[in-house]
Protein chains: 2
Amino acid sequence: MERRTRQREAIRQALAVADRPLSPQELLARASRALPGLGIATVYRHLTRLDREGALRAVVLPGEPSRYEIAGKDHHHHFRCRACTAVFELPHCPGDFERLAPSGFLVENHELFLMGLCAGCRDGQR
Amino acid sequence: MERRTRQREAIRQALAVADRPLSPQELLARASRALPGLGIATVYRHLTRLDREGALRAVVLPGEPSRYEIAGKDHHHHFRCRACTAVFELPHCPGDFERLAPSGFLVENHELFLMGLCAGCRDGQR
DNA sequence: GTGGATGCAAACTCTTTGCACCTTG
DNA sequence: CAAGGTGCAAAGAGTTTGCATCCAC
């Protein structure tokens, strides 16, 4: 049976208030502020569990560690800036991806990532 | 300056004839058939380099090791079946993703994955 | 008090790097 | 023969696991 522990609450809370997907290390840093001494292994254990429970969503980008965000937000996708590596949420989803699959295939889910330069880095590089 | 070596050719060739994206280990296994003794470090070095040259494309799926495929195929995306884990190429791309990004952002690239059940697994589960 | 949860450190896996030797041009 | 390339092994980075201890119930 599942216990309510300070660690679990600190991790859930840090994920809940995050404005963007967090890597395990980022999550550890944030949750540690509320609960010093928290271990990275505990973060991973809860990420695994929350994922199994469907309470969070993994955001996987090429060449980057996985990031996690709380489930239940409006459906959206992500943009990663190749210069600053920050990941931004995108408000819209074009939808209608079912028609891309061969006939007979069942599309249950999809992932879309955009990559490029964010407004800040685009300015800086000019 | 860049040399033409047996290793480089074996790796390029294995990628070129692959029918699906290959992980570094799969690529090593295939290229080793043409050139026994090939080392995994060399595979990684060439993957890095080919990627920099734009000669290949990384295919990253949540929870799976990165795979690589030769560039220059028609632009396409992938479908992964959650039952048999096979990855299929999709012929079309809806395109026009630039409008999804916030203004000021530069979209250079995008990735789209569909997930669900392929025709075979859908039949089998019925 | 009992069994799940935790922190630490070691183990693992995947990828990168240092270095001596080899190969291409 | 010079400079880049290679294989090996060691080093890194990220993640998982074993285990003694802790603590929620």
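Below, each value reflects all heavy atoms present in this structure, side chains not excepted, and no hydrogens, waters or symmetry copies. By convention in this document, chain letters (A, B, ...) are assigned in the order of the sequence lines, proteins followed by strands, and residues within each chain are numbered from 1.
Going from atom CD1 of Ile40(B) over to atom P of dT17(C) covers 15 Å, rounded to whole Å. For the pair Arg49(B) CZ and dT16(C) P, the interatomic distance rounds to 15 Å; values are reported in whole Å. Rounding to whole angstrom units, CZ of residue Arg4(A) and P of dA5(C) are separated by 14 Å. Regarding Glu2(A), its CD atom lies at a distance of 23 Å from the P atom of dT2(C), rounded to whole Å. With rounding to whole Å, Leu35(A) atom CG is found 10 Å from dT6(C) atom C1'. Look at CZ on Arg8(B): it is 19 Å from P on dT23(C), rounded to the nearest Å.
Between Phe97(B) and His77(B), the ring planes lie perpendicular to each other; the angle is over 60°, past the 30° to 60° tilted range. Note: Phe79(B) and Phe105(A) have perpendicular aromatic rings, judged against thresholds of 30 and 60 degrees for the angle between ring planes.
Put simply, Met115(B) and Val107(A) are part of two different groups of oily side chains (I, L, V, M, F, W, Y) that touch within less than 4.5 Å, one to the next. Under the 4.5 Å side-chain heavy-atom criterion for ILVMFWY residues, no single connected hydrophobic cluster contains both Leu100(A) and Leu117(B).
The only member of Glu69(A), Glu89(A), Arg20(A) that meets side-chain hydrogen bond (donor to acceptor under 3.5 Å, both in side chains) when paired with His78(A) is Glu69(A).
Among the protein residues, Leu38(A) comes within range of the sugar-phosphate backbone only, with heavy atoms under 4.0 Å from sugar or phosphate atoms but none that close to a base. Using a 4.0 Å heavy-atom criterion, one finds that Arg45(A) contacts the bases of the nucleic acid, with or without backbone contacts as well.
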Open item on the list: Let's go through Phe88(B) and Leu114(B) carefully: what are the C-alpha distance in whole Å and the side-chain angles of both, what is the deciding distance for side-chain contact (heavy atoms from CB on, under 4.5 Å) to 0.1 Å, and is it a yes or a no?
Closed with: CA-CA 10 Å; Phe88(B) 301 85; Leu114(B) 302 188; over 6 Å; no
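Not a single donor-acceptor pair under 3.5 Å links the side chain of Arg80(A) to the backbone N or O of Phe113(A).
Heavy-atom distances to DNA chain C give each of Ala41(B) and Gln7(A) a nearest nucleotide, and the one nearer the 5′ end belongs to Gln7(A). Residues Tyr68(B) and Pro36(A) both approach DNA chain C. Their nearest nucleotides, taken by heavy-atom distance, put Pro36(A) toward the 5′ side.
When the side-chain nitrogen and oxygen atoms of Thr5(A) are compared with OP1 and OP2 of dT6(C), one or more of them lie within a distance under 4.0 Å.
Extent of DNA chain D lying under 4.0 Å from chain A heavy atoms, first and last nucleotide in 5' to 3' order, is dG14(D) to dC25(D).
No N or O donor and acceptor, one from the side chain of Arg3(B) and one from the base of dG25(C), sit under 3.5 Å apart.
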